[in-house]
Amino acid sequence: MTTTHARASIEPVKSREIWGQWAFTVPFAGRVLALQGMHPTVSAALEQHSTMFEQPWERARDTLDYGLELLFGDAPATARRIRELHRPIRGVDAAGRRYHAWDREAWSWVHFSTFEATRFAARALGLPLSRADEVRLYEEWKAAGRLYGVQARDTPGLLAELDASLAETVQRRLEPTPTSTRLLEMVSHQLPPPPWLPIPGPLWRLGRRPAGELAWTV
């Protein structure tokens, strides 16, 4: 067995442990929306192609479903489906630059910012993640990335190298975009009631403000 094949066969034990808890979604969602919504390319794709603003709850559910399928279902088949779903996503960003969802920088940023949001959520939930746990989690993430096309040359080999890359991207690449501002405004003030909960409109509007303030804090 080659080293590459051995690494690709790593069972996502730590990932399953974190993603298997329902409370994980709250800190995870805030972190991942901030990191991805402020990347110019990802921001443009969200604005032009996503149903995030029209159907935020359904879009969030779909995203979590794909993550759970990768971890608990047929990971290779799910990875192929995720990549194909992004094939038609292309356009021009706010600065007039053409983009495609498969652009290497944006594609890898979505993958590794999701790792960072997962790690952040684990800490927020009080899960004991030692450095060895984080290294294991990252090895699992690298294996998942290979399934849907995150290239080896865009994948930091060590966790310390990933941490440095994340910090540099936050510092040099992320920026407040109209999309990130709109996302924050929606979550904090305009979030509609979940369609699967029978909450009367007036009651939801009454509780939306304190809930929005909590979401803002998260």
Side-chain angles (χ1 to χ4, degrees), residues 19 25-70 77-118 120-121 141 144-151 153-155 165-166 168-196 208 211-212 215-216 218:
W19 276 66
T25 59
V26 178
F28 171 82
R31 187 73 158 189
V32 82
L33 283 175
L35 290 172
Q36 296 181 10
M38 295 182 72
H39 187 286
T41 301
V42 182
S43 172
L46 284 172
E47 186 74 37
Q48 297 168 15
H49 296 277
S50 176
T51 59
M52 175 69 70
F53 296 107
E54 293 77 23
Q55 299 175 309
W57 293 105
E58 292 86 347
R59 182 66 181 83
R61 182 187 60 199
D62 289 346
T63 298
L64 288 171
D65 283 349
Y66 282 123
L68 292 171
E69 286 178 20
L70 277 170
T78 301
R80 288 193 296 270
R81 192 159 73 253
I82 290 172
R83 188 165 177 85
E84 284 306 306
L85 281 171
H86 288 80
R87 180 186 292 274
I89 297 178
R90 65 182 70 227
V92 178
D93 68 14
R97 298 166 296 207
R98 292 189 174 278
Y99 71 85
H100 187 279
W102 290 355
D103 289 347
R104 284 173 43 207
E105 186 210 18
W107 192 250
S108 59
W109 175 248
V110 168
H111 182 62
F112 292 119
S113 61
T114 304
F115 165 83
E116 164 57 23
T118 299
F120 174 84
W141 225 260
R146 284 193 290 276
L147 289 177
Y148 56 84
V150 177
Q151 297 187 29
R153 56 181 167 170
D154 298 322
T155 302
S165 176
L166 289 170
E168 181 178 6
T169 301
V170 169
Q171 180 68 28
R172 299 183 182 277
R173 190 75 169 101
L174 302 193
E175 59 189 39
T177 65
T179 304
S180 66
T181 301
R182 190 178 173 193
L183 279 170
L184 185 58
E185 181 66 21
M186 179 187 69
V187 171
S188 58
H189 301 298
Q190 299 172 358
L191 196 64
W196 53 84
R208 182 166 56 185
W216 181 292
V218 170

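Counting begins at 1 with the first residue of the sequence.
- Counting heavy atoms from C-beta outward, Trp107 and Arg83 have side chains that approach closer than 4.5 Å.
- Two residues are said to be in side-chain contact when any heavy atoms from C-beta on lie closer than 4.5 Å; Ile89 and His100 fail this criterion.
- Here the closest non-hydrogen pair linking Ala79 and Leu70 is N-CD2, 4.0 Å.
- We find that Glu47 and Arg182 are joined by a salt bridge, their nearest charged nitrogen and carboxylate oxygen being less than 4.0 Å apart.
- Heavy-atom minimum distance, His49 versus Pro88: CE1-O, 4.2 Å.
- The shortest side-chain heavy-atom distance between Pro40 and Arg97 falls under the 4.5 Å cut-off.
- Two residues are said to be in side-chain contact when any heavy atoms from C-beta on lie closer than 4.5 Å; Leu35 and Trp109 meet this criterion.
- Taking OG of Ser43 as the start and CG of Leu183 as the end, the distance is 7.5 Å to the nearest 0.5 Å.
- Side-chain atoms of His111 come within 3.5 Å of backbone N or O of Trp141 as a donor-acceptor pair.
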### Message
Pair Leu33, Met52 - check side-chain contact (heavy atoms from CB on, under 4.5 Å), show working.
### Response
CA-CA 11 Å; Leu33 283 175; Met52 175 69 70; 3.9 Å; yes

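- Side-chain contact annotation: Glu84 with Tyr148, donor-acceptor N/O pair under 3.5 Å absent.
- Within a 6.0 Å radius of CZ in Arg98, no more than 12 heavy atoms belonging to other residues, nucleotides or ligands are found.
- The closest side-chain heavy-atom distance from Glu105 to Asp154 is not below 4.5 Å.
- Taking both residues in full, the closest heavy atoms of Thr41 and Ala106 are given as CG2-CB, 3.7 Å, listed atom of the first, atom of the second, then distance.
- No side-chain donor from either of Ser108 and Arg104 sits under 3.5 Å from a side-chain acceptor of the other.
- Side-chain contact between Phe120 and Pro27: present, with at least one pair of heavy atoms (C-beta onward) separated by less than 4.5 Å.
- We find that Glu168 and Arg173 are not joined by a salt bridge, their nearest charged nitrogen and carboxylate oxygen being 4.0 Å or further apart.
- Between Tyr99 and Val92, the shortest heavy-atom distance links the atoms CE2-N, 3.4 Å.
- Taking both residues in full, the closest heavy atoms of Pro176 and Met38 are given as N-CE, 3.5 Å, listed atom of the first, atom of the second, then distance.
- Side-chain contact annotation: Gln36 with Thr114, donor-acceptor N/O pair under 3.5 Å present.
- Thr118 and Trp19 form a side-chain donor-acceptor contact under 3.5 Å, judged by distance and modelled atom types alone.
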### Message
Pair Tyr66, Arg81 - check side-chain contact (heavy atoms from CB on, under 4.5 Å), show working.
### Response
CA-CA 9 Å; Tyr66 282 123; Arg81 192 159 73 253; 3.8 Å; yes

### Task
Test salt bridge (charged side-chain N to carboxylate O under 4.0 Å, His left out) on Glu54 and Arg59 and set out the steps.
CA-CA 9 Å; Glu54 293 77 23; Arg59 182 66 181 83; over 6 Å; no

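- A heavy-atom distance below 4.5 Å is found between the side chains of Thr177 and Glu175.
- Inter-residue side-chain proximity for Arg61 and Asp65 is flagged as met; some heavy-atom pair is nearer than 4.5 Å.
- Considering CZ of Phe53 and OG1 of Thr179, their distance stands at 5.5 Å, rounded to 0.5 Å.
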